2 protein chains.
Amino acid sequence: MATRQNAKLVTAVQEAAGQPLDQSLLLSLVGYNCRRAYLTIVPHFEERMKKFNLRAVDFSVLSLLNANPNITQKRLSKAVNVSPPNLAILLDKLEERGLLVRQRNPLDKRSQTLVLTPEGTRLCAKAEKTVSELELEATAMLTDAERAELVKLLQKIFLHDEDDAQA
Amino acid sequence: MATRQNAKLVTAVQEAAGQPLDQSLLLSLVGYNCRRAYLTIVPHFEERMKKFNLRAVDFSVLSLLNANPNITQKRLSKAVNVSPPNLAILLDKLEERGLLVRQRNPLDKRSQTLVLTPEGTRLCAKAEKTVSELELEATAMLTDAERAELVKLLQKIFLHDEDDAQA
DNA sequence: TATTGTTATACTCTATAACTATA
DNA sequence: TATAGTTATAGAGTATAACAATA
């Protein structure tokens, strides 16, 4: 009896070991595929950005400030999806590195506006160039048309009810 | 002098506040768009899966075991991208909840093979149904053709040098 | 009274080192 | 000696509560 049970298990285990993994359900899910693709690109990002000592969030902050000087921490917080307490710490570090400065907003002294320093601007330019290159590498299996189509479809998902397109 | 500086800042801040955010560089990056789309879908997932008390990883594990009974923890670990120590804890919890069982592999007693219990199978079926529904909701702005195209392009990024398609 | 930003802190996730049992 | 899995623990990332300054 125990033997028959065991024989069944042996067969089942051998069968399972010989089969390729069936991931069909997960692979049908948009969210799952987004995550897998993202996790494929991230290591490329991290490797190439080591020399700038920038994480993905740090890069997003610099790039956003480069394109939008003098925005408040509140707007930045929403845009990069980092809570105010965590953003404060992140900005402390970038400010210590001399990449940006906080200025008291003369129009509302509760808030602070942010600008890159000349050094921050230089670093951002280099980092943006590197990121654009690395993106092409990491998605080299796509044609330009496919890449454009992919970006368009992804944006449909999250841009349809945007908040800080204005705000 | 200080006044002229200040006047300049006032102007710059007013200007910045009046403008919509320029995110053009970030929006050109595939990785950034993948992440944003994923982060848009996640809250839908979490809300609908609360009643099953399943996180995304838990769901992936159940779904994978449902389609691949009797695989080893090692293969599962690679497939869900969770390190063995962390997977051990995750499996402890699912096993305590009576959703799966670990069996010593009779062919190699170092390893353990995993199977869902009847209860685990039932829960998985319900969860899979819910996830498929929620995915359609979260991506309702896409046509079926667009959704299929999106999935195809995302998979091109991460399926081109797969490991555990076999292994 | 409400808002911006900060400090302090807790919680979750992920990563690493050392151990056991088998091979 | 090498591998599967576990335990313990450290570190990073994220979330929450309470506070100061300003509106």
Side-chain angles (χ1 to χ4, degrees), chain A residues 10 13 16-17 35-36 38-39 42-43 45-46 49-50 53-61 65 70-96 100-115 163-164 167, chain B residues 10 13 16-17 35 38-39 42-43 45-47 49-50 53-61 65 70-96 100-115 163-164 167:
Chain A
V10 168
V13 169
R35 183 171 162 79
R36 288 285 301 268
Y38 175 69
L39 291 179
V42 164
F45 184 95
E46 290 175 342
M49 300 301 272
K50 258 190 307 202
N53 192 23
L54 294 175
R55 298 167 305 161
V57 227
D58 301 323
F59 172 74
S60 294
V61 165
L65 292 182
N70 293 296
I71 61 170
T72 64
Q73 287 188 206
K74 181 145 184 25
R75 279 186 87 189
L76 181 62
S77 172
K78 284 188 70 176
V80 296
N81 202 31
V82 173
S83 66
N86 296 329
L87 184 61
I89 295 164
L90 190 164
L91 292 175
D92 284 347
K93 288 175 188 157
L94 295 179
E95 195 168 21
E96 275 166 33
L100 58 83
V101 292
R102 290 186 247 219
Q103 301 174 310
R104 211 83 236 179
N105 182 349
L107 296 168
D108 180 344
K109 286 176 190 158
R110 289 174 303 185
S111 67
Q112 304 199 111
T113 61
L114 303 161
V115 277
D163 13 337
D164 202 314
Chain B
V10 168
V13 169
R35 183 170 163 78
Y38 175 69
L39 291 179
V42 164
F45 184 96
E46 289 174 343
E47 195 211 316
M49 299 302 272
K50 258 189 307 202
N53 192 22
L54 294 175
R55 298 167 305 161
V57 226
D58 301 323
F59 172 76
S60 294
V61 165
L65 291 182
N70 293 296
I71 60 169
T72 63
Q73 288 189 205
K74 181 146 185 18
R75 278 187 88 189
L76 181 63
S77 172
K78 283 188 71 177
V80 296
N81 203 31
V82 173
S83 67
N86 297 328
L87 184 61
I89 296 165
L90 190 163
L91 292 175
D92 284 347
K93 288 176 189 157
L94 295 178
E95 195 168 21
E96 276 166 32
L100 58 84
V101 291
R102 290 186 247 219
Q103 301 173 311
R104 212 83 236 179
N105 181 351
L107 297 168
D108 180 345
K109 286 176 190 155
R110 290 173 302 182
S111 66
Q112 303 199 111
T113 62
L114 304 161
V115 276
D163 13 336
D164 202 315

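We name chains A, B, ... by the order of the sequence lines, and we start the count at 1 in each one. For clarity, every value in this text was computed on a predicted model and none was experimentally measured. In what follows, every heavy atom counts, from backbone to side chain, and hydrogens, waters and symmetry copies are set aside.
In summary, contact between chain A and DNA chain C, defined as any nucleotide atom under 4.0 Å from a heavy atom of the protein, begins and ends at dT3(C) to dA8(C) in the 5' to 3' direction.
The distance from atom CG of Asn53(A) to atom C1' of dA12(D) is 15 Å, rounded to the nearest whole Å. Atoms CG (Asn81(A)) and P (dG13(D)) sit 15 Å apart, rounded to a whole Å. The CZ atom of Arg55(A) sits 12 Å away from the C1' atom of dT14(D) (whole-angstrom rounding). We find that CD1 of Ile89(A) is positioned 13 Å from P of dA15(D), with the value rounded to whole Å.
The side-chain hydrogen bond (donor to acceptor under 3.5 Å, both in side chains) test applied to Asn70(A) returns no partner, not counting sequence neighbours. Under the rule for a salt bridge (Lys or Arg N to Asp or Glu O under 4.0 Å), Glu46(A) has no partner lying at least two apart in sequence or in another chain. Every residue two or more places apart in sequence or in another chain was checked for a side-chain hydrogen bond (donor to acceptor under 3.5 Å, both in side chains) with Ser77(B), and none qualifies. Take Arg110(A) and apply the side chain to side chain contact (heavy atoms under 4.5 Å, CB included) test, not counting sequence neighbours, and it matches Asp108(A). Every residue was checked against the side-chain hydrogen bond (donor to acceptor under 3.5 Å, both in side chains) condition with Thr72(B), not counting sequence neighbours, and none meets it. For Arg102(B), the salt bridge (Lys or Arg N to Asp or Glu O under 4.0 Å) partners two or more places apart in sequence, or in a different chain, are Asp92(B), Glu95(B). Residues passing the side chain to side chain contact (heavy atoms under 4.5 Å, CB included) test with Phe59(B), sequence neighbours excluded: Leu25(A), Leu26(A), Leu29(A), Phe45(B), Met49(B), Ser63(B), Ala127(B), Glu128(B), Val131(B).
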message: Run Leu91(B) and Val61(B) through side-chain contact (heavy atoms from CB on, under 4.5 Å) and show every step you take.
response: CA-CA 9 Å; Leu91(B) 292 175; Val61(B) 165; 4.2 Å; yes
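The residue among Val57(A) and Leu87(B) whose nearest nucleotide of DNA chain D is located toward the 5' end is Leu87(B). Both Lys74(B) and Asn86(B) lie close to DNA chain D; mapped to their nearest nucleotides by heavy-atom distance, the more 5′-ward contact belongs to Lys74(B).
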Considering only nitrogen or oxygen atoms on both sides, find all protein atoms under 3.5 Å from nucleotides 17-23 of chain D and state each distance.
from    : atom 1 : to        : atom 2 : distance (Å)
dA23(D) : OP1    : Lys109(A) : N      : 2.8

